[in-house]
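This report refers to the structure that appears directly beneath it.
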Amino acid sequence: SGSKDKGYVVRVVPKNFEYTPFPKVKEAKDKQLLEALGSLSAKARLSAQYELLQRPHDNTAPEVLKMAMNDQLPLEVRIASLFTYAQMSGKGGLDNLVQLSKDPKLQEFALKALSDRVEWVKAVPLTPFLEGIKSPSDWVKAAAIIGMGRLGNPEAIPALLQIKVPSSFVAPEMGTEGPHATPNSDIILPHLTVKALVRLNAVDACVNALGTENQDLALWALRYMHDPKAVNGLIAAYNKTGDNSNAVEGAVSTLNNKNG
């Protein structure tokens, strides 16, 4: 319909398409909602999830977990089931989420679900996240790093400090703009790590890392740690540092400007 001069709408319909009415989720039985959660339609899965979460789920939660664990189902269905189960089960489902995190296909999403609710992160084990940062997938690593920051467990700090800063992390020349429009995917994971270290208040560990192979990341994080121990540690490092004195001086200057 419309005009070729003013614009028009084209409706494209697959061959042999048969229309199936969308179920009224409010009137659907639990079994129907579980079937919709297993649909290839994202809209159907989301609608089913919303309705399942509004109902008592003592009987449906185990079925949703089975769907998440079923490696014969499409990945998008398993992911939707995982997050639905996480919301259904709450703190009581953490052990099952840990088990799901051992599946490489679900690892990223299980880590996100495990660290989602701050009210029970203290009960979440650190081990799945330590395994996550060893993954060959940067998506899994990112979920693990962010999750460790959310868990608030200081035992994660040594592992986080092992994340390497790429050589592309170079400050622009004085008075010049940095390469804002130049993609630099290598910097994403270290950036997330700095955020996690700051959230964990890893001042002592970062100060102790000065002068080690992890100094670059420690200096980067210390720029955002407004603590007397950070300043004193940086000054001490500056007084005994040779080649990296400019980097230490830059971190001290940043803290001074922020606090000023």
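Keep in mind that what you see is a predicted model, and the values were worked out from it rather than measured.
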D186-S168 side chain donor-acceptor pair, cut-off 3.5 Å: no
Donor-acceptor contact below 3.5 Å, side chain N208 vs main chain D204: yes
Short side-chain donor-acceptor distance under 3.5 Å, Q49 and T84: yes
Close side-chain approach of W220 to H191, heavy-atom, < 4.5 Å: yes
Interatomic spacing from CD in E51 to OG1 in T60 - rounded to 0.5 Å: 10.5 Å
Flag side-chain contact, heavy atom, 4.5 Å: R78 against D103: yes
Lys/Arg N to Asp/Glu carboxylate O, K164 vs D216, below 4.0 Å: no
Check: V98 and V124 side chains under 4.5 Å, non-hydrogen atoms: no
Minimum heavy-atom distance A123-K91, with the two atoms named: CB-CE, 3.6 Å
Shared hydrophobic cluster for L33 and Y50 (ILVMFWY, side-chain gaps under 4.5 Å): no
Side-chain donor/acceptor of S137 to backbone N/O of V140, under 3.5 Å: yes
CA sep, side-chain torsions, deciding dist, call: M67, Y85, side chain to side chain contact (heavy atoms under 4.5 Å, CB included): CA-CA 10 Å; M67 293 175 67; Y85 174 75; over 6 Å; no
D71 and K105 ion-paired at < 4.0 Å: no
Validation row: L65, L82 side chains within 4.5 angstrom (heavy atoms): no
Shortest non-hydrogen separation from A221 to V198 and the atoms involved: O-CG2, 3.9 Å
Side chain to side chain contact (heavy atoms under 4.5 Å, CB included) evaluation trace for L40 with E76: CA-CA 8 Å; L40 293 179; E76 57 267 35; 4.0 Å; yes
Minimum-distance pair of heavy atoms, taken over all atoms of V77 and L37: CG1-O, 3.8 Å
Aromatic plane relationship, F109 with F83 - under 30° parallel, 30 to 60° tilted, over 60° perpendicular: perpendicular
Non-hydrogen atoms of P62 and D58 that approach each other most closely: CD-O, 3.3 Å
Interatomic distance, F22 atom CZ to S41 atom OG [nearest 0.5 angstrom]: 6.0 Å
Point-to-point distance, once rounded to the nearest 0.5 Å, from CD of E63 to CE of M88: 10.0 Å
Spacing of CZ belonging to R223 relative to SG belonging to C206, to within rounding of 0.5 Å: 13.0 Å
E155 CD: over 12 foreign heavy atoms closer than 6.0 Å: no
I79 reachable from L46 in the ILVMFWY side-chain graph, under 4.5 Å edges: no
Min side-chain heavy-atom separation P128-L111 under 4.5 Å: yes
same_hphob_cluster(V25, L53) at 4.5 Å side-chain heavy-atom cutoff: yes
Cluster link V12 to Y8, ILVMFWY, side chain under 4.5 Å: yes
Gap separating the CG atom of L200 from the CG atom of L151, nearest 0.5 angstrom: 8.5 Å
Heavy-atom side-chain proximity of F129 to L114 below 4.5 angstrom: yes
Value rounded to 0.5 Å, distance of CG in D138 from CD in E108: 10.5 Å
R117 side chain vs G90 backbone, donor-acceptor pair below 3.5 Å: no
Closest non-hydrogen atom pair between A143 and K112, with its separation: CB-CG, 4.1 Å
N201 and M225, any side-chain heavy atoms less than 4.5 Å apart: no
Same cluster (ILVMFWY, side-chain, under 4.5 Å), W139 and I145: no
Heavy-atom donor-acceptor pair, R150 side chain to D116 backbone, under 3.5 Å: yes
Heavy-atom check, side chain of M148 versus side chain of T193, under 4.5 Å: no
Which atom of A196 lies closest to which atom of G149, heavy atoms considered: CB-CA, 3.9 Å
